[in-house]
Undergrad: 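Below you will find the structure I want to go over with you.
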Amino acid sequence: MLEKILRVGIAGYGVVGKRRRHFIDKHIHLKTVAVCDRSFNSEGNFVDGVHFYKDFEQLIENEKLDILFVCMPNDISPFATIAGLKNSLHVFCEKPPGRDVKDIKSVIEIEKQFSHLKLMYGFNHRYHDSVKEALRIMRSKELGAVLNLRAVYGKSKILSFDSDWRTKRVISGGGILLDQGIHMVDLLRLFAGDFIQVNSFISNNYWNHDVEDNAYAIMKTDTNIVAMLHSSATQWRHKFQLEITLERGQLILSGILSGTKSYGAEMLTVVYANEHDGGDPKEVTIRYNNDPSWQAEIFEFADSILYNKPVTSGSSAEALKTMELVYKIYCADKEWKEKYNLSLD
């Protein structure tokens, strides 16, 4: 039985960083020893002995760490990730991997120099039980092959609870599509594969920030699977819905458990269609009352380090492909691409 304890530092100790720590400390081989956040005026200690610093450079320089969790704004996260790798730390970084495709590519170039280290990105929607069960059914082929997908993921604004950096392009790199919609983009890739044709319309006509508040896309894979996506910051009733139509039925993911509890009950409806049902097929709905995704994701990352397993879900290669698709959606709207001088590189 392993007795090793991996010392963890968390760069960025806001809502997400604190939630990550809660599940980090549930693992018997992980221990949070230090954190940093710009909200701290100086170096110090919490009552439980965990050290805190103002910036990630101090955190890395002053602490003997094994793992760095990066929970920082998009303009800083790639630099913190690179710093962690260069200091021989395994790194877990929240999505998105940066502001643009160039950011994640710069991380991957450094990652290649430290192949013994593990790097994982936090696409935690993959770890929800509803998503895992839908993926199992899809891969089993019991309902046949995927024909098309329709997806809506929206909330009522881009602003976070305690800051407005998400509305500033120089810091965030993008708006609702990059910040929240990237989860749905990742799931569309997970269920359908890579999209080779992309058409889109991007707008910021309501909130009038320099980042988008709505993104509409229609996309097709090389196997002719078509997906429609709406990522919105004007969805007054918060909504998560992914419909996957297959040859003999449908998988409908509706609602998702989140910290705000505002997306409704998390449910998977499995539709069993046949030529005799007259458009009113049998269906079974499963409701999920617990969210194991945060713990499952962290525990899988820990296992990859402890048992030297490859990172598959959330790898830098997967993060790059998802980021590239986000930017294909941006750039498919020529007016938006030219307005903000966007690039796929």
Side-chain angles (χ1 to χ4, degrees), residues 95 121 123-154 177 180-201 215-232 239-257 263-264 266-288 293 296-297 312-315 317-329 332:
K95 64 76 195 165
Y121 285 93
F123 289 95
N124 90 304
H125 283 38
R126 290 185 175 214
Y127 293 83
H128 279 257
D129 281 342
S130 60
V131 173
K132 290 165 68 176
E133 177 63 8
L135 190 64
R136 184 197 67 77
I137 295 171
M138 186 272 286
R139 287 174 173 170
S140 76
K141 301 292 186 181
E142 62 183 272
L143 297 179
V146 175
L147 300 178
N148 56 63
L149 306 95
R150 293 191 294 266
V152 176
Y153 202 3
L177 177 63
Q180 183 192 58
I182 193 171
H183 279 301
M184 191 65 86
V185 171
D186 185 61
L187 293 182
L188 291 173
R189 286 192 54 255
L190 184 65
F191 283 96
D194 292 324
F195 293 91
I196 60 171
Q197 295 182 44
V198 178
N199 295 283
S200 71
F201 179 75
Y216 312 83
I218 184 165
M219 310 175 288
K220 187 169 77 170
T221 70
D222 61 359
T223 56
N224 294 316
I225 299 173
V226 174
M228 293 185 288
L229 168 67
H230 182 198
S231 177
S232 178
K239 184 171 185 176
F240 174 94
Q241 181 139 332
L242 172 58
E243 300 176 5
I244 305 157
T245 301
L246 303 103
E247 293 172 312
R248 296 188 296 278
Q250 197 172 38
L251 302 169
I252 304 172
L253 293 151
S254 56
I256 197 157
L257 294 171
Y263 292 88
E266 182 171 326
M267 295 185 290
L268 168 63
T269 299
V270 184
V271 179
Y272 299 91
N274 62 68
E275 59 184 18
H276 306 296
D277 60 35
D280 188 19
K282 171 188 174 182
E283 59 182 45
V284 176
T285 297
I286 309 164
R287 176 167 175 159
Y288 300 88
S293 63
E297 189 176 35
T312 52
S313 186
S315 68
E318 285 290 300
L320 174 60
K321 287 183 178 181
T322 295
M323 197 71 164
E324 286 176 333
L325 183 53
V326 167
Y327 266 78
K328 283 181 182 178
I329 295 171

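Nothing here was measured: the structure is a model prediction, and the numbers come from that model.
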Undergrad: Determine yes or no for a side-chain-to-main-chain donor-acceptor pair under 3.5 angstrom, with Arg126 supplying the side chain and Glu297 the backbone.
TA: no
Undergrad: Would you give the length of the straight line joining atom CG of Leu229 to atom CD1 of Ile329, rounded to the nearest 0.5 angstrom?
TA: 5.5 Å
Undergrad: Knowing that exactly one of Ser200, Ser232, Ser231 qualifies, which makes a side chain to side chain contact (heavy atoms under 4.5 Å, CB included) with Leu177?
TA: Ser231
Undergrad: Going by side chain to side chain donor-acceptor pair (under 3.5 Å), name the residues that satisfy it together with Gln250, two or more places apart in sequence or in a different chain.
TA: Thr245
Undergrad: Taking all heavy atoms of Ile256 and all of Tyr263, pick out the closest pair and write down the distance.
TA: O-CB, 3.6 Å
Undergrad: Enter the distance from Leu147:CG to Thr223:OG1 here, rounded to the nearest 0.5 Å.
TA: 10.5 Å
Undergrad: Would you sort out whether Glu133 and Tyr288 count as a side-chain contact (heavy atoms from CB on, under 4.5 Å), showing the intermediate values?
TA: CA-CA 11 Å; Glu133 177 63 8; Tyr288 300 88; 3.6 Å; yes
Undergrad: Can you name the side chain to side chain donor-acceptor pair (under 3.5 Å) partners of Asn124, sequence neighbours left out?
TA: Ser293
Undergrad: Locate the shortest heavy-atom distance separating Glu266 from Asp129; write the atom from each residue and the value.
TA: OE2-N, 4.0 Å
Undergrad: Measuring from Ser130:OG to Arg287:CZ, what's the distance to the nearest 0.5 Å?
TA: 12.5 Å
Undergrad: How far apart are the C-alpha atoms of Leu188 and Met219, what are their side-chain angles, what is the distance that settles it, and do they pass the side-chain contact (heavy atoms from CB on, under 4.5 Å) test?
TA: CA-CA 10 Å; Leu188 291 173; Met219 310 175 288; 3.8 Å; yes
Undergrad: State, to 0.1 Å, how close Ala134 and Leu251 come at their nearest heavy-atom pair, and which atoms those are.
TA: O-CD1, 3.4 Å
Undergrad: Report yes if some heavy atom in the side chain of Tyr121 is under 4.5 Å from a heavy atom in the side chain of Thr322; otherwise report no.
TA: no
Undergrad: If you round to the nearest 0.5 Å, how far is CG of Leu135 from CG of Leu190?
TA: 4.5 Å
Undergrad: Can you list, pair by pair, the side-chain donor-acceptor contacts under 3.5 Å of residues 268-275, counting residues two or more places apart and other chains?
TA:
from, atom 1, to, atom 2, distance (Å)
Thr269, OG1, Thr285, OG1, 3.0
Asn274, OD1, His276, N, 2.8
Asn274, OD1, Asp277, N, 3.1

Undergrad: Give, for atom CG of Leu242 and atom CZ of Arg150, the distance between the pair rounded to the nearest 0.5 Å.
TA: 10.5 Å
Undergrad: How far apart are the C-alpha atoms of Glu324 and Lys321, what are their side-chain angles, what is the distance that settles it, and do they pass the salt bridge (Lys or Arg N to Asp or Glu O under 4.0 Å) test?
TA: CA-CA 5 Å; Glu324 286 176 333; Lys321 287 183 178 181; over 6 Å; no
Undergrad: So Lys95 and Phe123, side-chain contact (heavy atoms from CB on, under 4.5 Å) or not? Walk me through it.
TA: CA-CA 6 Å; Lys95 64 76 195 165; Phe123 289 95; 3.8 Å; yes
Undergrad: Under 6.0 Å between the ring centres of His125 and Tyr153?
TA: yes
Undergrad: What is the minimum heavy-atom distance between Met184 and Ala151, and which atoms define it?
TA: CG-CB, 3.6 Å
Undergrad: I'd like to know if the side chain of Glu247 reaches the main chain of Ala145, judged simply by a donor and an acceptor atom lying under 3.5 Å from each other, with no hydrogens or angles considered.
TA: yes
Undergrad: Looking at His230 and Tyr216, what are the two nearest heavy atoms and their distance?
TA: NE2-CE2, 3.3 Å
Undergrad: Kindly determine whether Leu187 and His183 satisfy side-chain contact (heavy atoms from CB on, under 4.5 Å), including the steps that lead there.
TA: CA-CA 6 Å; Leu187 293 182; His183 279 301; 5.7 Å; no
Undergrad: Please report the closest heavy-atom contact between Asn148 and Ile225, naming both atoms and the distance.
TA: CA-CG2, 4.3 Å
Undergrad: How long is the span from the CE atom in Met267 to the CG atom in Leu257, to the nearest 0.5 Å?
TA: 10.5 Å
